[in-house]
Amino acid sequence: MRIADMNWMQVEERAAQDDRCILPLGSVEQHAYLSLAVDMILAERVSVDAAEPSGVPVFPVVPYGLASSFADFPGTVSLRLSTYAALVGDVLDSLHRSGFRRILIVNGHGGNTPVTALVSEWLNAHRDTMVKFHDWWRAPGVWAKVQEIDPAASHASWMENFPWTRLAGVAMPEERKPQIDYARLARLDAGRKRALLGDGNYHGLYQRPDEDMMAIWEVAVTETRALLETGWD
């Protein structure tokens, strides 16, 4: 259940009965020909779909993240690490005050991973709470399904091209993009990263059939739901 569909009294009652909630994390950054909001769209949607049977509240996705590598692509928004850590910490504090003690963070952007260090510190100060951090797109089941379909998959490639991340009227290139030099990319500033990346796709086709994408999505929802429903000990 989306928090947007609840009032404060319903949240209070819900948390008293079931102290689980989901916090999606996203990013606004270049994704080649796809929406700049791919990471936030997918993190929130997989959270809502996973929580649907149980009615666990899903908070609005945190839209902005750590995207400094793409700073030279217009439309990309990147927070400083200190800003992001403070933001996520404040959100976790708020969820705790609301009565939630089992928090699943569903992350949609690899650059946000440093927040795991903040979560570790936060848990030491909130010892009555458990937090799981879930990179949904590279979780074991999802990644295995991606590799089964097409191992040439990466940022801004076909594996992020779902019906709900495409833009109306934007045609996808038909070629398979060669793999970039990841080691070189890691040592470059944002300007030289943009020059190396070109349109932003790291590797592979730009689009695959929707049947492939729905097969991946089914695994993603199942895997996320399993984390929500089990292993809280």
Side-chain angles (χ1 to χ4, degrees), residues 1-29 37-69 71 76-139 220-221 223-233:
M1 178 181 291
R2 297 176 189 267
I3 281 289
D5 298 323
M6 304 176 74
N7 60 40
W8 72 265
M9 292 160 283
Q10 292 171 315
V11 171
E12 183 173 61
E13 181 180 0
R14 174 77 196 197
Q17 298 172 353
D18 183 344
D19 61 4
R20 294 173 298 167
C21 71
I22 302 181
L23 173 64
L25 302 180
S27 183
V28 175
E29 61 181 44
V38 162
D39 292 342
M40 55 177 287
I41 291 170
L42 296 179
E44 186 166 56
R45 186 172 183 127
V46 77
S47 298
V48 170
D49 287 358
E52 194 275 332
S54 62
V56 169
V58 178
F59 280 83
V61 62
V62 177
Y64 304 125
L66 303 172
S68 59
S69 290
T76 294
V77 176
S78 184
L79 302 180
R80 290 189 297 271
L81 179 56
S82 57
T83 302
Y84 192 60
L87 171 64
V88 174
D90 285 350
V91 173
L92 289 174
D93 286 345
S94 298
L95 301 185
H96 187 269
R97 282 195 301 272
S98 295
F100 295 107
R101 297 295 182 268
R102 291 177 292 171
I103 302 168
L104 175 61
I105 295 177
V106 176
N107 179 42
H109 170 53
N112 293 340
T113 303
V115 81
T116 57
L118 175 277
V119 169
S120 180
E121 291 183 358
W122 188 87
L123 283 169
N124 283 341
H126 300 80
R127 299 192 178 212
D128 59 346
T129 305
M130 289 176 283
V131 176
K132 294 180 182 180
F133 189 91
H134 177 49
D135 289 324
W136 77 266
W137 80 98
R138 59 183 173 195
V221 172
E223 201 164 23
T224 304
R225 185 176 296 157
L227 279 175
L228 180 63
E229 296 180 349
T230 63
W232 293 106
D233 50 29

Heavy-atom side-chain proximity of [X] to [Y] below 4.5 angstrom:
X: Leu95; Y: Phe59; answer: yes
X: Phe100; Y: Leu23; answer: no
X: Pro24; Y: Val58; answer: yes
X: Val88; Y: Val62; answer: no

**Prompt:** Does Asp18 pair with Arg14 as a salt bridge, N-O distance under 4.0 Å?
**Reply:**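 Salt bridge flag = yes for Arg14 with Asp18.
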**Asked** Among Leu42, Val46, Asp39, Asn107, which residue meets the side-chain contact (heavy atoms from CB on, under 4.5 Å) test with Trp137?
**Response**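 Exactly one candidate clears the test, Asn107.
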Nearest-0.5 Å distance, [atom1] of residue [X] to [atom2] of residue [Y]:
X: Ser47; Y: Ile105; atom1: OG; atom2: CD1; answer: 10.5 Å
X: Glu44; Y: Asp49; atom1: CD; atom2: CG; answer: 10.5 Å
X: His134; Y: Glu223; atom1: NE2; atom2: CD; answer: 5.5 Å
X: Asn112; Y: Leu79; atom1: CG; atom2: CG; answer: 8.5 Å
X: Leu123; Y: Leu92; atom1: CG; atom2: CG; answer: 8.0 Å

Other residues, nucleotides, ligands: >12 heavy atoms within 6.0 Å of [X] [atom1]:
X: Gln10; atom1: CD; value: yes
X: Met1; atom1: CE; value: no
X: Tyr64; atom1: OH; value: no

**Message:** Tell me every residue that passes side-chain contact (heavy atoms from CB on, under 4.5 Å) with Thr129, counting only those two or more places apart in sequence or in another chain.
**Reply:**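 With sequence neighbours excluded, Thr129 shows a side-chain contact (heavy atoms from CB on, under 4.5 Å) to His96, Arg101, Ile103, Trp122, His126, Val131, given in chain and number order.
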**Message:** List the residues meeting side-chain contact (heavy atoms from CB on, under 4.5 Å) with Ala37, not counting sequence neighbours, and say none if there are none.
**Reply:**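 Listed in chain order: Ser35, Met40, Ile41.
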**Request:** Under the side-chain contact (heavy atoms from CB on, under 4.5 Å) rule, what do Trp232 and Asp19 come out as? Steps first, then yes or no, please.
**Result:** CA-CA 11 Å; Trp232 293 106; Asp19 61 4; over 6 Å; no
Do you know which two heavy atoms are closest between [X] and [Y], and how far apart they sit?
X: Ala67; Y: Glu29; value: CB-OE1, 3.5 Å
X: Leu81; Y: Pro114; value: CD1-CB, 3.9 Å
X: Ser68; Y: Ser78; value: N-OG, 3.0 Å

**Message:** Under the criterion side-chain contact (heavy atoms from CB on, under 4.5 Å), I'd like the reasoning laid out for Leu228 against Ile22: C-alpha separation, chi angles, the key distance, then a yes or no.
**Reply:** CA-CA 8 Å; Leu228 180 63; Ile22 302 181; 3.9 Å; yes
**Prompt:** Hey, does the side chain of His109 reach the backbone of Leu66 with a donor-acceptor pair shorter than 3.5 angstrom?
**Reply:**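 Indeed, once roles are kept as given, a pair shorter than 3.5 Å links the two residues.
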**Item:** Ser94 side chain to Asp90 backbone, donor-acceptor under 3.5 Å
**Value:**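 Checked: pair present.
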**Request:** Start with the C-alpha gap between Glu229 and Arg20, add the side-chain angles, then the distance that decides, and say whether side-chain contact (heavy atoms from CB on, under 4.5 Å) holds.
**Result:** CA-CA 9 Å; Glu229 296 180 349; Arg20 294 173 298 167; 4.1 Å; yes
**Prompt:** Run the side-chain contact (heavy atoms from CB on, under 4.5 Å) check on Thr224 and Leu104 step by step: do they pass?
**Reply:** CA-CA 9 Å; Thr224 304; Leu104 175 61; 4.2 Å; yes
**Request:** Apply ring pair (Phe, Tyr, Trp, His ring centres under 6.0 Å) to Phe133 and list each qualifying residue two or more places apart in sequence or on a separate chain.
**Result:**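 Phe133 satisfies ring pair (Phe, Tyr, Trp, His ring centres under 6.0 Å) with no other residue.
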